[in-house]
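These notes are about the structure you will find just below.
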Amino acid sequence: MTLQANSETYTFQAKAAQILDLMANSLYSNKDIFLRELISNSSDAIDRLRFERYSHPESAGGEQDDAPQIRVTFDKDAGTITIADNGIGMSRQEAMNNIGTIAHSGTAEFIRTLTGDQLRDAELIGQFGVGFYSAFIVAERVVLTSRRAGLPASDGVRWSSDGKGEYTLEAVERADRGTTIVLELRDGEDELLNEHRLRSIIHRYSDHISQPIVMEQDEAPVNQASALWARPQSELSEQDYHSYYRHLTNDFSDPLAHLHTKVEGRYEYTILLYIPSRAPHNLWAPQARDGIRLHIRRVFILEDSGQLLPSYLRFVRGVVDSADLPLNVSREILQGSQAVGHIRSSAVKRVLKLLKGLADNQPDKYAEFWTQFGGVLKQGVCDDPPHREDITELLRFISTRSGTQDADVSLSDYVARMKEGQDKIYYLLAPSPAAAAASPHLEEFRTKGIEVLLLGEAVDSFVVSGPLREYRGKQLQSIAQGPPDFGDLTDDAEKQAADQASSDYAALLGRLKAHLAGKAWDVRVTSRLTTSPACIVTDGTETDFTAVQRLRGSGLPNQPILEINPGHALVERLNRGQDDPRLPVWAHVLFDQAVLATGARIEEPAAFVTRLNDLLTSLTADASA
C-alpha cells in the first residue's frame, strides 16, 4: 500500500487480478453485458436503501427521500459513459470489501470456466457475483464515487483503477448519497457513445428493472420501470418473461417453463416462478439458496433461505411478492408466519403441477429438466410427506427396458408393462447405472423378460429403502436383497429344480460356508444366475447392499451371503470334486469375484491375486499332465 495525502493505493487480491485480466483481454463475444451488470448493481443499491429505511430508519440520517433513479449518460468528447444511482451508496470500507476483494465461493470455478473455453463468458459473469468487473471489458479505466446513506458529505469515497493490478481509494466530498461510475472507454469502443446504442442495450437487458432508468437527453424512463410480476399477464409476452428471467438470474438460456399467478383471499400475494433449463454451478452446495427473492409490496426484502420453497425445489428461480408481511420482516419472523406457510404450500403445489404438465404434455422438455434436476427432486420423496405422491409420479428411472442411458421410465410406465403374475416392482441399486446394467443379479430377470429399475444415484438408496416402499399397491423389491422371489412367474418345474439343486449341493454349501467363515454369513444355491458362477446379496432383513456401501463406505453389509449358480460349469466341477485340496482357495476366489462384480472392494486384494495365480498355475499344470 502506498499513501499520498488522503489517497491510498492497494493491490488487488489475486483472484480479483485474474478476473480483471480476463475481463480486459479475453471477453469479446458479448461486450454489452457490462451495462446490464452495472445497472443491476444500481438497482440492488436502491432496493437495499428502501429496505434499510423500513428496517432501520435511523440509518437514513434524515436525508431527503428522493425518487429512486438510475441515470445513464455519455460524453463523446471525453470518451466516457456514466452510470449513477441514488441508492444506499458505499462507505470507504465497503468499497474495499465489495470491489477490491472477491470473497464469493464460486470465484475459482468461474476462473476455471472462463479460461477453459473461450468463452461462454458473459453468461457466467453475473452468475458468479463478479459483475462490477465486467466494466473492464470496455473501459481502460473506471472511476467510482460513492457515499453511504446516513454518512456526512465529507465521508464520500472515490475508487479508481486501470484494471492492471492496483486500485486507489481517496476521501472526497459528495453531497448526495449513492454511487456514480465513470467508464473511460478503450480505443475502438466509440460506437457505445451513442444514445440509440445505449438505449437498445437497456431495452434488451434491463427493461424490467423496477427503478426508472433515464438518460440525460430525455427525462422519460428508458425502461418499463415497473415490477413485471405486478403487471397483468395479458400485457406480457413470452419474450417479456424470458427477458425478466435473464435479468433475474444472469442466465442467457431461456427457462424451460414459468408460472405467474396472483392469489387473493385470506392472504394476498403474487408468484412468478421459473424452471431453469440448466443447473446452476452451486446446485449441490449445502447452503446455496439464491433462488427466490421475497418482496413485500414490491420492496425487495431478502433471498429465500428455505422458508418459501423446500430444499428439493432449490433450483426454482423467481419472485414472491406479499402484501401481508411487515416490511421489516426478519428470517425469524418468516419461520413462524402463517402467511409464509400458506405461500409455501401454494408455491410447492403450483411448481409440482407445472412439472406434471411438462411431463404429460412436453416429455422432451421434461427429459431436459430431469437430466438437470432429477437428483434434487428425488429428495422430496424423503423430505416432503404431504407431497410425496405427487413427487413420486414425477420420478424417472433407467431400466432394463430403457432405449438410452437417459432416465425415461416412470413408475406408472413400469406398472403398465408388468408381466402377468408379477406382483412386485424390481430394482437394483449400484454405484452407477452402468454398473447396475452389468450386474450378475439381472441374469434370470433378463431371461424371464422381467423389467428391473437400475438405480445409480446416491439418493436412490434412501428413497427406496425409506419412504418409497410401494407404488399403487405394488411392493418395491431389491433383486440383491434376500432370496430371489419371482412370485407367480416361477412355475412348478422351476421350483422343483431349485429344491433338487439345494439337495444336490447341500454338502458343497456346507464346505464353502466353513471355508468362508468370517467372510460370508451364509452360502446357498440360487436361481437368479444364468451365466455367472456366484453373486453377493444381503440378508432379507438387512439394508440393501449398495445403501450400506454408501452409508459406511466399507463395501459390504454386515451379513453378506454368497449365492452360487448350480448350472455353472465351475460350480458343477467343484461339486464333483469336493475333496480337491484347492477347494478353500476356490471358495475365497468365488467370494472375492462376486464382491468385485457388485462394485465393492475386496478386503485383501493381494491375497486375491495370489490365490488366483496359484489356481491358474495348478490348472495349467493339470492340463499339461
How long is the straight-line distance from [atom2] of [Y] back to [atom1] of [X], given to the nearest 0.5 Å?
| X | Y | atom1 | atom2 | answer |
| --- | --- | --- | --- | --- |
| Ser410 | Leu453 | OG | CG | 10.0 Å |
| Tyr366 | Asn361 | OH | CG | 13.0 Å |
| Leu377 | Ile391 | CG | CD1 | 6.0 Å |
| Leu455 | Ser461 | CG | OG | 9.0 Å |
| Leu272 | His258 | CG | NE2 | 7.0 Å |
| Tyr312 | Asp384 | OH | CG | 3.5 Å |

Go through it in stages, so that I can follow the logic: the residues are Thr530 and Asn565, the test is side-chain contact (heavy atoms from CB on, under 4.5 Å), and I'd like the CA-CA distance, side-chain angles, deciding distance and then a yes or no.
CA-CA 7 Å; Thr530 59; Asn565 176 9; 5.5 Å; no

Is the backbone N or O of [Y] less than 3.5 Å from a side-chain atom of [X], with the two atoms forming a donor-acceptor pair by type?
| X | Y | answer |
| --- | --- | --- |
| Thr447 | Glu443 | yes |
| Ser502 | Ala498 | yes |
| Arg388 | Val381 | yes |
| Arg317 | Arg314 | yes |
| Gln372 | Phe369 | no |
| Thr620 | Leu616 | yes |
| Gln362 | Asp364 | no |
| His588 | His515 | yes |
| Asp390 | His387 | no |
| Tyr505 | Pro566 | yes |

The test is side-chain contact (heavy atoms from CB on, under 4.5 Å); show your working for Leu273 and Leu354 and say whether it passes.
CA-CA 10 Å; Leu273 301 178; Leu354 178 65; over 6 Å; no

Hey, are [Y] and [X] close enough side-chain-wise for a donor-acceptor pair under 3.5 Å?
| X | Y | answer |
| --- | --- | --- |
| Tyr269 | Ser346 | yes |
| Asp251 | Tyr245 | yes |
| Ser402 | Asp408 | yes |
| Tyr471 | Glu393 | yes |

Given side chains that start at C-beta, do those of [X] and [Y] come closer than 4.5 Å, heavy atoms only?
| X | Y | result |
| --- | --- | --- |
| Leu509 | Asp522 | no |
| His568 | Ser532 | no |
| Leu615 | Arg611 | no |
| Lys378 | Trp370 | yes |
| Val263 | Arg350 | yes |
| Arg582 | Leu574 | no |
| Gln593 | Phe608 | yes |
| Gln475 | Asp423 | no |

Parallel, tilted or perpendicular for Tyr241 and His260, by the 30°/60° rule?
perpendicular

Give the ring-plane orientation class for Tyr267 versus His342, where under 30° counts as parallel, over 60° as perpendicular and anything between as tilted.
tilted

More than 12 heavy atoms of other groups within 6.0 Å of [X] [atom1]:
| X | atom1 | result |
| --- | --- | --- |
| Glu389 | CD | no |
| Lys448 | NZ | yes |
| Lys356 | NZ | no |

With the threshold set at 4.0 Å, does a side-chain nitrogen-carboxylate oxygen contact exist between [X] and [Y]?
| X | Y | value |
| --- | --- | --- |
| Arg528 | Glu444 | no |
| Asp592 | Lys519 | yes |
| Arg417 | Asp413 | no |
| Lys262 | Asp321 | no |

Nearest non-hydrogen partners of [X] and [Y], listed with the distance:
| X | Y | result |
| --- | --- | --- |
| Leu508 | Val571 | CD2-O, 4.1 Å |
| Val464 | Arg469 | O-CD, 3.8 Å |
| Phe591 | Leu562 | CA-CD1, 4.1 Å |
| Ala437 | Arg446 | O-NH2, 2.8 Å |
| Leu256 | Lys365 | O-NZ, 3.2 Å |
| Thr261 | Gln233 | CA-NE2, 4.0 Å |

Using the side-chain contact (heavy atoms from CB on, under 4.5 Å) definition, which of the options Ile536, Val523, Val537 pairs with Ile561?
Val537

Check step by step if side-chain contact (heavy atoms from CB on, under 4.5 Å) holds for Gln307 and Ile343.
CA-CA 9 Å; Gln307 289 93 340; Ile343 293 170; over 6 Å; no

Test side-chain contact (heavy atoms from CB on, under 4.5 Å) on Cys382 and Val463; report intermediate values, then the result.
CA-CA 6 Å; Cys382 302; Val463 170; 4.1 Å; yes

